[in-house]
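This report concerns only the one structure given below.
Start at 1 and go down the list; that is how both ligands and their atoms are numbered. Small disclaimer: the values here were computed from a predicted structure and weren't measured.
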Amino acid sequence: MKTIYTFGDGHAEGRADMRDLLGGKGANLAEMNLIGVPVPPGFTITTEICRIYNEQGRQAATDLIKEDVKKSVEHIEKLTGFKFNDPKNPQLVSVRSGAPVSMPGMMDTVLNLGINDGVAETIAAQTGNPRFAWDSYRRFVQMYGDVVLGMKPKSKQDIDPFEEIIEKVKKEKGVKFDTELDVDDLKKLVVLFKAAVKENTGKDFPTDAWDQLWGAIYAVFDSWNNDRAILYRRMNHIPEEYGTAVNVQAMVYGNMGNTSATGVCFSRDAGTGENIFNGEYLINAQGEDVVAGVRTPQQIMTEGSRRWAKLQGVSEEERAAKYPSLEESMPECAKQLVEIQHKLEQHYKDMQDMEFTIQNGKLWLLQTRNGKRTGAAMVKIAMDLLREGMIDEKTVLKRMEPGKLDELLHPVFDKAAMQQAKVVAKGLPASPGAATGRIVFFADDAEEWASHKKQVIMVRMETSPEDLRGMSVAQGILTARGGMTSHAAVVARGMGKCCVSGAGEIHVDYKTKTVEMGGKTFKEGDWISLNGSTGEVYEGLVSTVDADLSGDFGAVMNLADKYTKMVVYANADSPRDARTARKLGACGIGLCRTEHMFFEGDRIKAMREMIIAPDEESRRVALDKLLPLQRGDFEGLFEAMDGCEVTIRLLDPPLHEFVPHQLSTQKELAEETGISLERVKAICSDLEEFNPMLGHRGCRLGNTYPEITEMQARAIIEAALNVKERGIDPHPKIMVPLVGVLPEIRMQADIINATAQKVFAERGKTVAYKVGTMIEIPRAALVADQIAEVADFFSFGTNDLTQMTFGYSRDDAPKFLGHYKAQGILKDDPFEILDQEGVGQLVEMGTRLGRKTKPELNVGICGEHGGEPSSVKFCASLNMNYVSCSPYRVPIARLAAAQYAVEHEK
Ligand code: PEP
Ligand code: MG
């Protein structure tokens, strides 16, 4: 087994495509050598050894690589002319981690390894720079103590034990900055650091270079399993078994004096995607100084430096004197760096994020990788590279991270304003975007304030359909309870409205109209701001700017449509949402939740009248009032979706969600209907259920009160006929919710068909329509072959299907899902990411059995998963006809579907 791959001086045993074995860093260090980029010589211990280390222990791994490590160190010595562990002519090395997938800052690094008292003296003499020698030494003891010997601060509150010593020495000397410490101070620090190590670990600090090296190698392997690395992997779905490689490399020094420097740079702008080479550097500094924020880093390019100065309010004279660009301070190195970044980008055909060091005027590259970027930069860079002929269309699609498109669709916080913003609470990022407004607690107040052109944020314990009107006029919604599929989250996403849900730490008091967050009490009317993409809540007004849907975004979407095999519909309940969805590329409506239409204006009154009606006759009177309203809604939808399918679902929620719960509104209802208040109260409490989600809802309503289904079917068919007369091309699909047994759908289909025939006879005209069902009860998936005898189409309601398959309440699960994820019991929230292993089996089975009965059965999904990339790809793998999701997720779903198509091309 080859355990180690060496590189240096234009040669390398590895290559860029060996990242699984060498990690991203190791593979690219090898590749840079091969294409003539100057890289300090070194070697990479493979990820395979890390796996052996984790599975078989330290000794097994050491036995395997011991000889190879020795030989590889000799390889470095041959190329540099220095010797490891030789006090007279010492070679120092860096030891750095590097996993197959980049995990920035999660694992450990040790620099200047191989130094001890004797070596430090030699370096001081050789370089004529004792300060450099002793500064390198104290940095090494500090880093080694921290990374290898476990002397990290114990908690967030604790200060770093080494920093504590530095502070003490500075205080004694009466100076402020590290740079003011002289050689004797640095020597003193080394002594004090070592004493601290001895006190803490009971052992002397290792002075032998080999002992130091092995300690560092083990520490890098161990860092694969540190808490933050485990958490990062879990959050980013990186497999546990990958392991990290270890890169050992000859040290080059950016801190050797004023002809030395270190920096990071990007071949394009990672924020905007503009093709502008940019980066930062510091003269006479080492690695972490650039990012540590102790000194102000300078810009690499003069143009960037001038832009930076302008933003900082620094005059041109001051800039040129104090903060010159690398182009100005080291023109030769800058020129070389510009050439190298160009070469690397051309080679990797993507934006590069690079680290470099200049030692005594000589430039070295220490790392290159494809740079992380914002959603906007992702789109622009890929399209630019396509136009530059560097990549093809399919590569553009593969390069997209669908979830990142969100950032392009919603208003965003102004960058400058964000820097001042103070976080007061955190919840779930339920619906992306940025919102700022005054706190209101009730829908009525939201409407009232909004009518006076005031921006409001609705703050609720949780929302219910009653809050819909308030939500629709609010800038954003904040709730204390509820998960990613809570009412607030689903509705807000549908509206494209920013929402933070389940912010458990906030305390809402409706009585006093106050909310406690971050130790402060906020009243109605106080300003707050929400970041629906991160779940953060900020105090006060944070200004926002509108999203810019640039041409490149449209171009990427066109490419998606060119390659996709599955179309995307939208979940939309109103003509306005339908129009938004169409603009964002939806080619139909996959779910219109009709219940949302019953809350607008006075409709709720007719609805309540219907619910409390004592008999069928009075129920029909109330339904007759609702009929024209519903018909009007549907006409609007058909019009907005002219030529496209519109799937309208019959009434689904339990009736108690519609009746008034407050005494004042109960009184109002009693007065309006002439029914006694006592009776109204009794009916309302009769409708309460122990498990409403498993209660009298869905088609169970339509089968017990057929007149409700009749009214809705009539409204749909009449609306279709009406718009047809106006030259519009309607394609109605009537969808029955919550079917579990065949007779349920059969009964509903009979009512719908009979009603349609009746309307056709009355009008002397017909229109084509389809009758189908949601598959959202596990039993429906199990008997899908029977259900397909009646249904023209299936739409998987994976919200309810997940709820019933796991037995987790959609509304209550957030209380424990956080713990479950933290403990690794669940990898993801199954209401957010479809559980392909379990719920997915039912989806697969339902699709297969349904198509066994009806090979041409039209199948889609309309649960929240329809807009989540991995779930969309799963649906594509089952050859579904469409996925349906909230309007603002339509582009994400389109992209994910296209990615599946290009990733699985035959
Ligand atoms: C579902 O259950 O997945 C669904 C789309 O219906 P709802 O969310 O309205 O229950
Ligand atoms: Mg459902």
Side-chain angles (χ1 to χ4, degrees), residues 430-431 462-465 468 482-495 501 568-574 577 588-599 647-655 657-658 691-702 733 735-740 744-745 772-781 793-813 829-835 839-840 842-843 846 859-868 871-872 874-875 880 882-887 889 893:
S431 181
E462 64 212 336
T463 66
S464 77
L468 210 68
M484 296 294 284
T485 57
S486 63
H487 177 269
V490 172
V491 172
R493 276 200 291 276
M495 293 175 170
S501 70
V568 178
Y569 285 6
N571 295 355
D573 310 329
S574 70
D577 288 354
I589 291 181
L591 172 63
C592 162
R593 293 177 163 104
T594 47
E595 58 271 20
H596 290 166
M597 296 171 161
F598 293 121
F599 284 94
T647 315
I648 297 168
R649 181 177 73 185
L650 302 178
L651 191 65
D652 182 42
L655 295 181
E657 285 195 11
F658 299 93
N691 281 313
M693 286 312 249
L694 301 178
H696 196 179
R697 61 171 283 220
C699 64
R700 300 160 203 169
L701 289 172
K733 291 167 89 177
M735 183 154 75
V736 181
L738 228 67
V739 164
E744 283 180 319
I745 169 91
T773 182
M774 305 271 296
I775 303 285
E776 52 185 342
I777 286 187
R779 192 180 192 283
F793 64 88
F794 281 1
S795 177
F796 284 91
T798 43
N799 300 336
D800 273 309
L801 194 59
T802 299
Q803 165 165 269
M804 293 186 227
T805 305
F806 274 88
Y808 294 167
S809 154
R810 282 161 73 169
D811 304 296
D812 300 322
D829 178 343
F831 290 105
E832 198 183 324
I833 295 181
L834 185 74
D835 160 48
V839 180
L842 289 169
V843 177
V859 180
I861 176 179
C862 64
E864 285 305 297
H865 308 92
E868 189 283 316
S871 316
V872 171
F874 176 70
C875 294
M880 279 197 191
Y882 69 90
V883 294
S884 187
C885 56
S886 47
R889 290 168 89 183

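Note on ligand 1: Gln803 sits outside its first shell, no heavy atom being nearer than 4.0 Å.
Atoms of ligand 1 found under 4.0 Å from any heavy atom of Glu776 (numbered from 1 in listed order, with element): 1 (C), 2 (O), 6 (O). The Cys862 neighbourhood of ligand 1 comprises atoms 5 (C), with distances under 4.0 Å to a heavy atom of that residue. Near Met774, with a cut-off below 4.0 Å to any heavy atom, the atoms of ligand 1 are 4 (C), 5 (C), 6 (O).
Put simply, Asp800 gets within reach of the Mg ion (ligand 2), with an N, O or S atom under 2.8 Å from it.
Rounded to the nearest 0.5 Å, atoms CE (Met693) and CG (Asn799) are 8.5 Å apart. In this structure, CG in Asp573 is found 8.5 Å from CZ in Arg649, a value given to the nearest 0.5 Å. Note that CG of Leu738 is 11.0 Å distant from CD1 of Ile775, once rounded to the nearest 0.5 Å. The CG atom of Leu651 lies 13.0 Å from the CZ atom of Arg593; values are rounded to the nearest 0.5 Å. The CZ atom of Arg889 sits 5.5 Å away from the CD atom of Glu864 when rounded to the nearest 0.5 Å.
Between the Mg ion (ligand 2) and the N, O or S atoms of Glu776, the shortest distance is to OE1.
In plain terms, the two heavy atoms of Ala893 and Cys885 that are nearest each other are CB-SG, 4.0 Å.
Neither the backbone nor the side chain of Glu864 comes within contact range of ligand 1; no heavy atom lies under 4.0 Å. When heavy-atom distances to ligand 1 are checked against a 4.0 Å cut-off, Thr798 comes that close only through its backbone atoms N, CA, C and O. Residue contacts with ligand 1 for Leu591 involve side-chain atoms from C-beta outward but no N, CA, C or O (heavy atoms, distance under 4.0 Å).
Among all non-hydrogen protein atoms, the one lying nearest atom 6 (O) of ligand 1 is Arg649 NH1, 2.9 Å.
Of the N or O atoms in Gly797, one or more lie within a sub-3.5 Å distance of an N or O in ligand 1. Ligand 1 has a nitrogen or oxygen under 3.5 angstrom from a nitrogen or oxygen of Arg810.
Of the residues Leu834, Val839, Ile861, the one that meets the side chain to side chain contact (heavy atoms under 4.5 Å, CB included) test with Phe796 is Ile861.
Ring-plane geometry between Phe658 and Phe599 is classed as parallel, the angle between the planes falling under 30 degrees on a 0 to 90 degree scale with a further cut at 60.
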